[in-house]
Amino acid sequence: MIAELALINAFLKGRKGIYTTPLKTLANEKYEEFSLWSKIGAKIGISTGDYDEPGEWLDKYDIIVTTYERLDSLFRLRPKWLRKVGVVVIDELHNISDGERGPTIELIAIYALKLGAQIVGLSATLSNPEELAEWLGCKLVLSSWRPVKLIEGFYIKRRSIIAFNDGRIEEVLNNNLIDHIVRSALNQHYQVIIFQQARHKAESMAKNIALKVPVIDRNTYLEIIDKFKKYEALRSEIKDLDKLVMHGVAYHHAGLSHGARLAVENSFRSGLIRFVVATPTLAAGINMPARRVVIYTRRFEGGYVKPISIAEYKQMAGRAGRPQYDVIGEAIIADVKDEGEGWRYINGRPEPVKSALISERALRIHTLSLIASGYVEGIDELRDLLRKTLAYKNLLESRGVDITNYVIKNILPRLMEMDMIRADGRYLYPTKLGLTVSRLYVDPLTAIMIIDELEGIGKPSPLYYLTLIAMTPDFTRVRMVGYKGLQREAYSAYESGLIPGPIRGVSLYDWLKAYKIGLILNQWINEVDEDYIITTFKIGAGDLNLIIETASWLTYAASKICESVGLKNHANELNKLSLRVRYGVKEELIDLVRIKGIGRVRARLMYMHGIRTIDDILNVGIERIAKIPMIGEVLANNIINEAKKLKNK
DNA sequence: AGGGACCGACTTTAGACAGCATGTC
DNA sequence: CTAAAGTCGGTCCCT
């Protein structure tokens with residue numbers, strides 16, 4: 001409400017407002033919510049990687065909803081309308097301590113301050129808001145109001161009870177927590193979300209629960225299956241989840257396709273599904289509360305098992321209680337080692353957030369962007385700006401270290417070696433490469449790895465390019481399993497020149513991972529069926545999507561990077577490859593797939609029926625197109641119209 | 001010979017943003 | 001640094 005007041009206040013004064021969130025789904029949600037304000041004439045816009053409207057275009061909107069990275073990218077492009085921005089709202093501000101994405105938030109805040117905009121930071125899990133408010137020059141507003149009362153408790157196995165913080169004790173029958181939770185939920189007719197910390201645990205627990213729950217009625221079951229079909233979950237996913245939803249149970253994690261996730265969320269919200277076992281995907285953002293939430297707290301990380309943070313726990317506990325239906329919500333911790341730990345989760349404050357703008361990677365990326373976008377034109381200016389960061393403040397206070405020295409002595413020279421930045425006395429300016437890299441939103445190191453590897457080699461195969469981009473730091477964060485057995489195969493591929501060797505700084509495992517990603521993408525661009533790919537490579541549909549998305553972005557970026565340093569042949573090859581990755585097609589279908597309404601499957605069918613170019617479509621006549629399987633008259637008509645449009649361009 | 005219980009070695013472990021130009025099957 | 005589940009292949013025993 002406070003954020004909305006600030007946005008509307010700015011609008012009434014003729015200023016623009018920006019609302020920035022960590023997730024695309026959250027951005028969509030806010031965009032829809034804010035659309036209400038069109039009643040008073042405010043024009044609402046959205047800008048994420050999914051819907052782009054290039055920088056200058058957004059001028060027509062009064063309130064713009066973005067993701068953090070998108071806003072950072074907009075600030076770098078410096079469209080003229082930025083002058084008109086009166087307020088920047090940063091949602092889920094605690095993310096500032098996230099190692100990957102926190103630095104982006106920090107930079108957004110700095111840019112906004114530089115614009116003189118009012119900043120509104122929002123967070124429900126922040127123990128040091130005073131510190132952040134002071135840094136941002138904001139006034140702190142605290143509120144503990146919550147639409148539904150939250151009661152927290154934990155399971156004490158030794159005594160076979162759940163102890164709640166309102167003093168209530170709940171007996172656990174047979175000392176079997178999940179059995180008890182399921183039984184009470186069935187008796188009292190409420191829904192439960194269980195948070196596990198590993199995908200396989202979420203899946204196996206969902207299967208166990210399904211065994212304890214009677215089959216639901218057939219119509220409800222069919223309704224759920226319909227949703228999976230409507231949202232376009234893959235056949236293999238429906239097959240896996242079928243036996244669970246039959247009992248009103250499902251699992252939910254990022255390995256599922258977007259469609260399968262939507263189907264689970266939607267079925268739960270409409271009460272068709274009673275139990276969902278999820279990983280922390282459901283903790284942030286998605287509006288899917290339940291009367292009861294059960295939380296497992298142990299996660300394997302960095303070589304051993306450790307408990308999740310209080311902040312993470314609070315984030316998940318916050319899912320308990322549905323505003324329209326419940327008077328209270330209950331969060332139950334399932335696996336504390338003793339009572340002390342239980343109370344620490346319940347009564348403890350979330351860990352104070354600290355700046356993450358201290359890693360070499362983050363500083364490299366953002367130092368380049370500051371100079372490339374012209375916010376900083378000299379060393380002294382750079383130093384002044386860095387002194388405004390939270391990182392500067394945190395490091396000076398905790399260790400007496402001045403981070404600006406590190407940037408100027410280590411990061412800056414490295415960027416100059418990469419020939420992305422040049423200095424003229426104390427004046428700093430970007431090279432063409434530096435400018436390109438910053439605009440493409442890639443890590444400078446990614447660009448250097450690509451250039452170094454491709455310089456001086458001829459025309460490698462798609463697999464070579466794909467393995468290369470999969471090795472870059474912008475890609476290695478993608479999860480991948482089952483690559484250890486590929487060592488021998490990878491070496492022989494390397495020896496026959498099919499793939500690049502491990503580039504300096506890339507570990508053996510990252511190289512093998514890259515090879516497996518290369519193999520997967522190579523299948524994808526050769527039109528192998530999605531279901532077949534995920535089964536043979538043992539990855540989730542969601543994982544495949546992430547790989548495709550990332551590869552499509554990075555092949556495009558690689559193409560532009562090659563172009564900027566005169567590697568023209570590679571630029572052309574990579575450009576073609578990026579289209580092939582985006583659509584999952586062989587080269588001969590690139591022309592057809594440009595048409596709205598035609599993807600990889602229909603394009604192949606048309607090709608087999610002798611329609612191979614846009615000209616063919618315009619020449620053969622509607623009957624022949626409508627006769628092709630999966631294409632009817634309506635679609636054929638649309639296809640012809642779209643082809644005409646493309647032809648006239 | 002075939003089936004199944006059992007055992008030990010080995011593998012794996014959360015999430016999700018970004019370019020560009022417009023929809024997919 | 002505080003683990004646990006699944007997979008795979010082999011062995012042993014019974015029918």
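The figures here come from the full heavy-atom set of this structure, side chains too, leaving out hydrogens, waters and symmetry mates. Per chain, numbering begins at 1; letters A, B, ... match sequence-line order.
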Sugar-phosphate, base or nothing in reach of P307(A), heavy atoms under 4.0 Å: base

Interatomic distance, R582(A) CZ vs dA18(B) P [rounded to whole Å]: 15 Å

Sugar-phosphate only, base, or nothing, as touched by G597(A) at under 4.0 Å among non-hydrogen atoms: sugar-phosphate

Sugar-phosphate, base or nothing in reach of A198(A), heavy atoms under 4.0 Å: sugar-phosphate

Heavy-atom side-chain proximity of I156(A) to E339(A) below 4.5 angstrom: yes

Short N-O contact, E527(A) and R580(A), less than 4.0 angstrom: no

For dT22(B), the Watson-Crick or wobble partner whose two distances fall under 3.5 Å: none

NZ/NE/NH1/NH2 to OD/OE distance under 4.0 Å, D543(A) and R199(A): yes

Watson-Crick/G-U partner (both atom distances under 3.5 Å) of dC13(C): dG3(B)

DNA chain C: 5'-proximal contact among K306(A) and S204(A) (nearest heavy atom): K306(A)

Under 4.0 angstrom between R70(A) side-chain N/O and dG19(B) OP1 or OP2: yes

Phosphate contact (dA5(C) OP1 or OP2) by K201(A) side-chain N/O below 4.0 Å: no

Nucleotide forming a Watson-Crick or wobble pair with dT7(C), both distances under 3.5 Å: dA9(B)

ring centroid sep under 5.5 Å plus plane angle under 30, Y304(A) with dC1(C): no

Atom-pair distance (NZ on K516(A); C1' on dT11(B)), nearest Å: 12 Å

Spacing of L26(A) atom CG relative to dA16(B) atom P, expressed in whole Å: 11 Å

Sugar-phosphate only, base, or nothing, as touched by G302(A) at under 4.0 Å among non-hydrogen atoms: nothing

Minimum side-chain heavy-atom gap H366(A)-R76(A) below 4.5 Å: yes

Minimum side-chain heavy-atom gap Y68(A)-E92(A) below 4.5 Å: yes

Touch class at under 4.0 angstrom, heavy-atom based, for D98(A) against every strand present: base

Sugar-phosphate, base or nothing in reach of Y441(A), heavy atoms under 4.0 Å: sugar-phosphate

Sugar-phosphate, base or nothing in reach of L554(A), heavy atoms under 4.0 Å: nothing

5' priority, DNA chain B, between R261(A) and Y556(A) [closest heavy atom]: R261(A)

Let me check something: any side-chain donor-acceptor pairs from residues 102-110 of chain A under 3.5 Å, sequence neighbours excluded? List them with distances.
unit_1: E106(A); atom_1: OE1; unit_2: S355(A); atom_2: OG; d: 2.7
unit_1: E106(A); atom_1: OE2; unit_2: S355(A); atom_2: OG; d: 3.4
unit_1: E106(A); atom_1: OE2; unit_2: L390(A); atom_2: N; d: 2.8
unit_1: E106(A); atom_1: OE2; unit_2: A391(A); atom_2: N; d: 2.8

4.5 Å side-chain heavy-atom contact, E29(A) and T21(A): no

Salt-bridge present (R361(A), E100(A); N to O < 4.0 Å): yes

Shortest side-chain distance from E642(A), nucleotide among dA16(B), dG23(B), dA18(B): dG23(B)

Sugar-phosphate only, base, or nothing, as touched by I595(A) at under 4.0 Å among non-hydrogen atoms: sugar-phosphate

Under 5.5 Å and under 30°: W553(A) stacked on dA18(B): yes

Short side-chain N/O contact to dA18(B) OP1/OP2 from T67(A), under 4.0 Å: yes

Sugar-phosphate only, base, or nothing, as touched by L546(A) at under 4.0 Å among non-hydrogen atoms: base

5' precedence on DNA chain B between R199(A) and K24(A) (nearest-nucleotide basis): R199(A)

Nearest-Å distance once atom P is located in both dA14(B) and dG6(C): 14 Å

Closest listed nucleotide, where the reference is the side chain of E232(A) and the choices are dA16(B), dG23(B), dT24(B): dT24(B)

Touch class at under 4.0 angstrom, heavy-atom based, for K229(A) against every strand present: nothing

Phosphate contact (dG19(B) OP1 or OP2) by S73(A) side-chain N/O below 4.0 Å: yes

Protein-nucleotide distance (R594(A), atom CZ; dG23(B), atom C1'), rounded to Å: 15 Å

Separation of dT12(B) C1' from Y509(A) OH (nearest whole Å): 12 Å

Whole-Å gap separating C1' (dT12(B)) and CD (E203(A)): 13 Å

Between P of dT7(C) and NE2 of H200(A), the distance in whole Å: 10 Å

N or O in side chain of K538(A) less than 4.0 angstrom from dC8(C) OP1/OP2: yes

Touch class at under 4.0 angstrom, heavy-atom based, for E312(A) against every strand present: base

dG15(B) - base-pair partner by Watson-Crick or wobble geometry, distances under 3.5 Å: none

Atom-pair distance (CD1 on I639(A); C1' on dT24(B)), nearest Å: 12 Å

Sugar-phosphate, base or nothing in reach of Y583(A), heavy atoms under 4.0 Å: sugar-phosphate

